[in-house]
Amino acid sequence: MKGVILSQLTWEEAQNAYETYSIVMLPIGAGTKEHGVHLPCGTDYFIIEELAARVVDACPVILLPTVPYAYYPAFIDWPGSVSIKADYFMGFIGDIIKSFVKHGIRKFLILDGGVSTQHPLKILSSDLHNELGILVAVTNILEIGKEVKDEVCEQEWGGHADEVETSSMLSINRNTVKMNYAVEEYSHKATGSCSKNGGQKVFLGRKVTSKSGISGNASLATVEKGEKILAAQTNDIITFIDYFKRVKI
């Protein structure tokens with residue numbers, strides 16, 4: 001059963017959708033944030049839009065328009081980057097969700113394309129559950145499709161505008177990627193934090209410090225890798241939605 005795209009419905013059709021579908025999906029992806037000199041500033045937005053389109057075509061969800069602005073403090077010094085204060089961001093997303101709660105929706109899936117956004121969104125998820133008794137799930141862009149990323153990617157480690165994101169963009173629209181500028185470069189990494197094969201042991205908030213704005217090896221990206229990564233990410237989201245539909249509140 002496919003989902004529906006809310007922006008394409010009339011309000012009467014929206015009301016019918018609220019009675020038919022139990023999950024509202026809200027994508028969040030930076031509409032303008034630096035992604036090195038080889039990728040467009042809208043990379044996060046394009047990737048999350050692609051994932052959202054694949055999911056709504058396969059799952060019974062109500063898809064909302066993608067939110068293009070969020071909490072991205074590590075990039076604020078770079079031209080083309082926008083960051084919203086964490087409390088403003090939480091309030092804004094909370095108001096979007098509450099707009100649907102008043103019409104009876106109790107389950108939400110935030111399709112999050114960011115990393116720094118995870119902290120405020122997890123807090124918001126818990127706060128809204130405690131306040132309203134609703135369920136707000138938040139995807140983790142670093143973990144969905146991780147098994148396939150680890151299998152196909154060759155970079156030592158990554159994190160931004162890297163082999164993963166560059167491959168994804170090559171798959172979505174190779175004309176937006178300037179592979180002749182794709183390089184291997186790394187931003188600072190705290191000892192014991194993220195690595196290719198391990199989770200985060202210590203968090204240390206820092207701005208992106210590499211000269212190019214890349215953190216990883218973008219030069220290793222290919223269309224084939226990107227398609228495998230996008231397919232794996234989509235499958236992980238679909239698997240969760242299948243579970244989420246059955247969860248009782």
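Note that the structure is a prediction, hence the values are computed from the model and not measured.
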Report the distance from atom CD1 of Ile172 to atom CZ of Arg174, rounding to the nearest 0.5 Å.
12.5 Å

Taking C-beta and beyond as the side chain, do Pro40 and Met169 meet within less than 4.5 Å on heavy atoms?
yes

Check whether Thr66 reaches the backbone of Pro68 with its side chain - one donor and one acceptor, N or O, closer than 3.5 Å.
no

Asn180 and His38 side chains, donor-acceptor separation under 3.5 Å:
no

Rounding to 0.5 Å, atoms CD1 (Ile5) and CE (Met25) come to a distance of 9.0 Å

Inter-residue atom distance Cys41.SG - Phe46.CZ, 0.5 Å rounding:
9.5 Å

Please say yes or no: joined through hydrophobic side-chain contacts below 4.5 Å, possibly via intermediate residues, are Val148 and Leu142 part of one cluster?
no

Do Leu124 and Val24 land in one hydrophobic cluster if side-chain heavy atoms of ILVMFWY residues count as linked below 4.5 Å?
yes

Side chains of Ile84 and Tyr71: closer than 4.5 Å at any heavy-atom pair?
no

For the pair Lys228 and Glu224, evaluate salt bridge (Lys or Arg N to Asp or Glu O under 4.0 Å) and give the outcome as yes or no after the intermediate values.
CA-CA 6 Å; Lys228 289 179 180 179; Glu224 294 74 21; over 6 Å; no

Go through Leu109 and Val61 one step at a time and tell me if the side chain to side chain contact (heavy atoms under 4.5 Å, CB included) criterion holds.
CA-CA 9 Å; Leu109 173 61; Val61 298; 5.9 Å; no

When you measure from the side chain of Ser81 to the backbone N and O of Ile76, does any donor-acceptor pair fall under 3.5 Å?
no

Between Val247 and Lys107, does the side chain to side chain contact (heavy atoms under 4.5 Å, CB included) criterion hold? Intermediate values first, please.
CA-CA 9 Å; Val247 173; Lys107 294 180 182 179; 4.1 Å; yes

Look at the side chain of Glu165 and the backbone N and O of Ala161, then say whether any donor-acceptor pair between them is shorter than 3.5 Å.
yes

Any donor and acceptor pair, going by atom type alone, linking the side chain of Asp236 with main-chain N or O of Gly145 inside 3.5 Å?
yes

Looking only at atom types and distance, does a side-chain atom of Lys178 sit under 3.5 Å from a main-chain N or O of Val37, one as donor and one as acceptor?
no

On a heavy-atom basis, the closest approach of Ile48 and Pro27 is CG2-CB, 4.2 Å

Give the minimum heavy-atom separation between Ala14 and Leu6, together with the two atoms involved.
CB-CD1, 3.7 Å

Nearest 0.5 angstrom please: Tyr18 OH to Lys102 NZ, how far?
10.5 Å

Could you report the tightest heavy-atom contact between Leu132 and Arg106, atom names first, then the distance?
O-NH2, 3.1 Å

Identify which one of Leu26, Ile134, Ile62, Leu135 satisfies the side-chain contact (heavy atoms from CB on, under 4.5 Å) criterion when paired with Phe108.
Ile134

Determine whether a donor-acceptor pair (N or O, by modelled atom type, separation under 3.5 Å) exists between the side chain of Lys149 and the backbone of Ile144.
yes

Please give me the minimum heavy-atom distance between Gly3 and Tyr21, naming the atom from each residue.
CA-CE2, 4.0 Å

Pair His160-Ser187, side-chain hydrogen bond (donor to acceptor under 3.5 Å, both in side chains): steps then yes or no
CA-CA 9 Å; His160 185 66; Ser187 189; over 6 Å; no

Ignoring hydrogens, what is the shortest heavy-atom contact between Ser171 and Leu230? Give both atom names and the distance.
OG-CD1, 3.7 Å

Go through it in stages, so that I can follow the logic: the residues are Lys146 and Glu151, the test is salt bridge (Lys or Arg N to Asp or Glu O under 4.0 Å), and I'd like the CA-CA distance, side-chain angles, deciding distance and then a yes or no.
CA-CA 8 Å; Lys146 185 178 185 302; Glu151 178 184 338; over 6 Å; no

Going through the checks in order, is the side-chain hydrogen bond (donor to acceptor under 3.5 Å, both in side chains) test met by Thr117 and Asp112?
CA-CA 8 Å; Thr117 43; Asp112 184 24; 2.8 Å; yes

Give, for atom CG of Leu64 and atom OG of Ser99, the distance between the pair rounded to the nearest 0.5 Å.
9.5 Å

Please report the C-alpha distance between Ile141 and Leu111 in whole Å, then the side-chain angles of each, then the deciding distance to 0.1 Å, and finally whether the side chain to side chain contact (heavy atoms under 4.5 Å, CB included) criterion is met.
CA-CA 8 Å; Ile141 196 66; Leu111 188 55; over 6 Å; no

Backbone N/O of Val136 and side chain of Ser125: donor-acceptor pair under 3.5 Å:
yes

State, with a plain yes or no, whether a side-chain heavy atom of Thr166 is found less than 4.5 Å away from one of Thr222.
no

Ring-face cation of Lys207 near Phe75 (centre distance under 6.0 Å, axis angle within 45°)
no

Mind checking whether Ile214 and Val183 have side chains closer than 4.5 Å, heavy atoms only?
yes

Has the side chain of Ser167 got a donor or acceptor atom that lies under 3.5 Å from a matching backbone atom of Val164?
no

Would you say Thr43 and Thr176 make side-chain contact, with heavy atoms under 4.5 Å?
no

How long is the straight-line distance from CD1 of Ile110 back to CD1 of Ile93, given to the nearest 0.5 Å?
6.5 Å

Whether Tyr72 side chain and Ala30 backbone form a donor-acceptor pair below 3.5 Å:
yes

In terms of hydrophobic clusters joined by side-chain contacts under 4.5 Å, are Tyr186 and Trp78 together?
no

Under 4.5 Å between side-chain heavy atoms, hopping through other hydrophobics if needed: is there a path connecting Ile97 to Phe89?
yes

Between Glu163 and Lys225, what is the shortest heavy-atom contact and its length?
OE2-NZ, 2.6 Å

Determine, stepwise, if the pair Phe240 / Thr139 fulfils side chain to side chain contact (heavy atoms under 4.5 Å, CB included).
CA-CA 9 Å; Phe240 174 76; Thr139 63; over 6 Å; no

Report yes if some heavy atom in the side chain of Asp162 is under 4.5 Å from a heavy atom in the side chain of Trp157; otherwise report no.
no

Is it the case that the side chain of Asp242 and the backbone of Ile238 share a donor-acceptor pair, with hydrogens and angles ignored and the cut-off at 3.5 Å?
no

Distance only, no hydrogens: is a donor on one side chain within 3.5 Å (strictly under) of an acceptor on the other, for Asn217 and Glu156?
no

Assess the side chains of Ser219 and Glu184: does a donor N or O sit below 3.5 Å from an acceptor N or O?
no

Connected via hydrophobic side-chain network under 4.5 Å: Val223 and Leu39
yes

